[in-house]
There are 2 protein chains.
Amino acid sequence: MQEPTFLILTALAAGPQHGYGMITDVQEISAGRVRLRAGTLYAALDRLQAENLIAVDREEIVDGRVRRYYRLTEEGGARLAAEAERLRRHAEAATARLRARLAGGALSSHALRNRPLDGKTPFRRGLAGGAA
Amino acid sequence: MQEPTFLILTALAAGPQHGYGMITDVQEISAGRVRLRAGTLYAALDRLQAENLIAVDREEIVDGRVRRYYRLTEEGGARLAAEAERLRRHAEAATARLRARLAGGALSSHALRNRPLDGKTPFRRGLAGGAA
DNA sequence: TTCCCATATAAAGATGATCGATATATAAAG
DNA sequence: CTTTATATATCGATCATCTTTATATGGGAA
């Protein structure tokens with residue numbers, strides 16, 4: 001599941017919301033980092049509905065326009081929980097490795113014996129050794 | 001950044017590795033949940049190299065074949081750290097909202113007044129109210 | 001020999017995101 | 001009154017990335 005999709009489900013986890021509200025909500029959730037576009041949102045809503053992760057909660061007419069509220073389905077809630085847990089684990093794995101790296105741990109095995117190239121080496125893919 | 005890309009960087013955070021090794025490493029990191037395909041991996045390696053997030057560390061010839069080791073660049077390490085933090089926050093936001101939801105908090109405002117539709121309601125997009 | 005494993009590459013197809021444009025009702029500004 | 005802004009939903013083209021599938025190769029196993 002990609003980020004926008006995840007954030008849409010997260011927005012709905014707080015209770016039913018309509019499209020425009022989600023756009024602003026997602027911006028808050030992500031501390032302003034993710035700006036959901038209308039095109040992205042409504043396409044995603046269709047997809048999520050087809051996957052039965054969200055459903056139309058109700059519709060209101062405001063100023064003559066439809067305002068459609070969506071909500072998480074049970075399946076959607078479960079899915080979001082699973083995704084959140086997956087993200088948490090991935091983030092944890094990455095930070096653990098980064099910490100070990102800074103502590104010099106990751107460099108103990110071979111990296112210390114073989115100094116890294118400095119990126120200046122000219123390099124043609126597929127023609128490395130010319131072996132055989 | 002998508003999941004496979006993130007996991008590739010995470011694999012490299014533990015020290016330089018070659019393609020095939022990353023495939024198995026990613027499987028471990030994700031507890032068997034993510035199986036990186038060769039096509040995904042090598043395309044991603046090219047991309048990440050072009051973005052200067054990884055670099056070729058060295059090459060070895062094993063059994064007549066090239067075994068190319070990649071490593072994280074400094075930029076790549078910083079990027080991975082930033083991404084991990086982003087994931088952590090997103091996961092946190094989602095679980096917080098899910099918790100509030102289970103506690104009934106999210107349902108207090110309008111959802112209790114307006115019972116959700118049960119999904120059986122026939123629904124034609126764009127023809128909702130017919131207002132105006 | 002034939003098959004599998006480790007390893008790298010390439011190309012086609014699918015999915016989902018982005019960007020940009022369109023539409024409409026109300027309200028505010030000129 | 002006309003223009004512009006705001007809130008809201010929809011559509012289409014394009015792009016980025018992932019998946020699937022196929023190909024190549026050397027060594028070891030059946």
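Protein chains get the first letters and strands the later ones, always in sequence-line order, with residue 1 at the start of each.
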Side chains of A:Asp57 and A:Tyr70 in contact at under 4.5 Å (non-hydrogen atoms):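 They are not in side-chain contact.
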
Within-4.5 Å side-chain heavy-atom neighbours: A:Leu36 and A:Gln27: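 SC-SC contact between A:Leu36 and A:Gln27 ruled out.
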
Could you tell me how far apart [X] ([atom1]) and [N] ([atom2]) are, to the nearest whole angstrom?
{"X": "A:Leu45", "N": "D:dA9", "atom1": "CG", "atom2": "C1'", "answer": "10 Å"}
{"X": "A:Ile23", "N": "D:dT10", "atom1": "CD1", "atom2": "P", "answer": "12 Å"}
{"X": "B:Gln17", "N": "C:dA6", "atom1": "CD", "atom2": "P", "answer": "14 Å"}

Neighbour count >12 (heavy atoms, 6.0 Å) for atom CZ, A:Arg33: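 Above 12, so yes.
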
Base paired to C:dA29 (Watson-Crick or G-U; both N/O distances under 3.5 angstrom):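 D:dT2 - that is the nucleotide pairing with C:dA29, both distances being under 3.5 Å.
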
Distance (rounded to the nearest 0.5 Å) between B:Glu85 CD and B:Leu87 CG: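 The CD atom of B:Glu85 sits 9.5 Å away from the CG atom of B:Leu87.
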
With the criterion being N/O to N/O and under 3.5 Å, what pairs connect the protein with nucleotides 5-8 of chain D, and how long is each?
{"from": "D:dA7", "atom 1": "N3", "to": "A:Arg65", "atom 2": "NH1", "distance (Å)": "3.3"}
{"from": "D:dT8", "atom 1": "OP1", "to": "A:Arg67", "atom 2": "NE", "distance (Å)": "2.9"}
{"from": "D:dT8", "atom 1": "OP1", "to": "A:Arg67", "atom 2": "NH2", "distance (Å)": "2.3"}

Transitive ILVMFWY side-chain link B:Ile54 to B:Tyr20, under 4.5 Å: no

Pair B:Glu92 + B:Arg88, salt bridge at N-O below 4.0 Å: yes

Salt bridge present between B:Glu3 and A:Arg86 (N-O < 4.0 angstrom): yes

Contact letters for nucleotides 14-21 of chain D, in which S counts primed atoms plus P, OP1 and OP2 and B counts the base, heavy atoms under 4.0 Å: ---SSBB-

Aromatic plane relationship, A:Tyr69 with A:His18 - under 30° parallel, 30 to 60° tilted, over 60° perpendicular: perpendicular

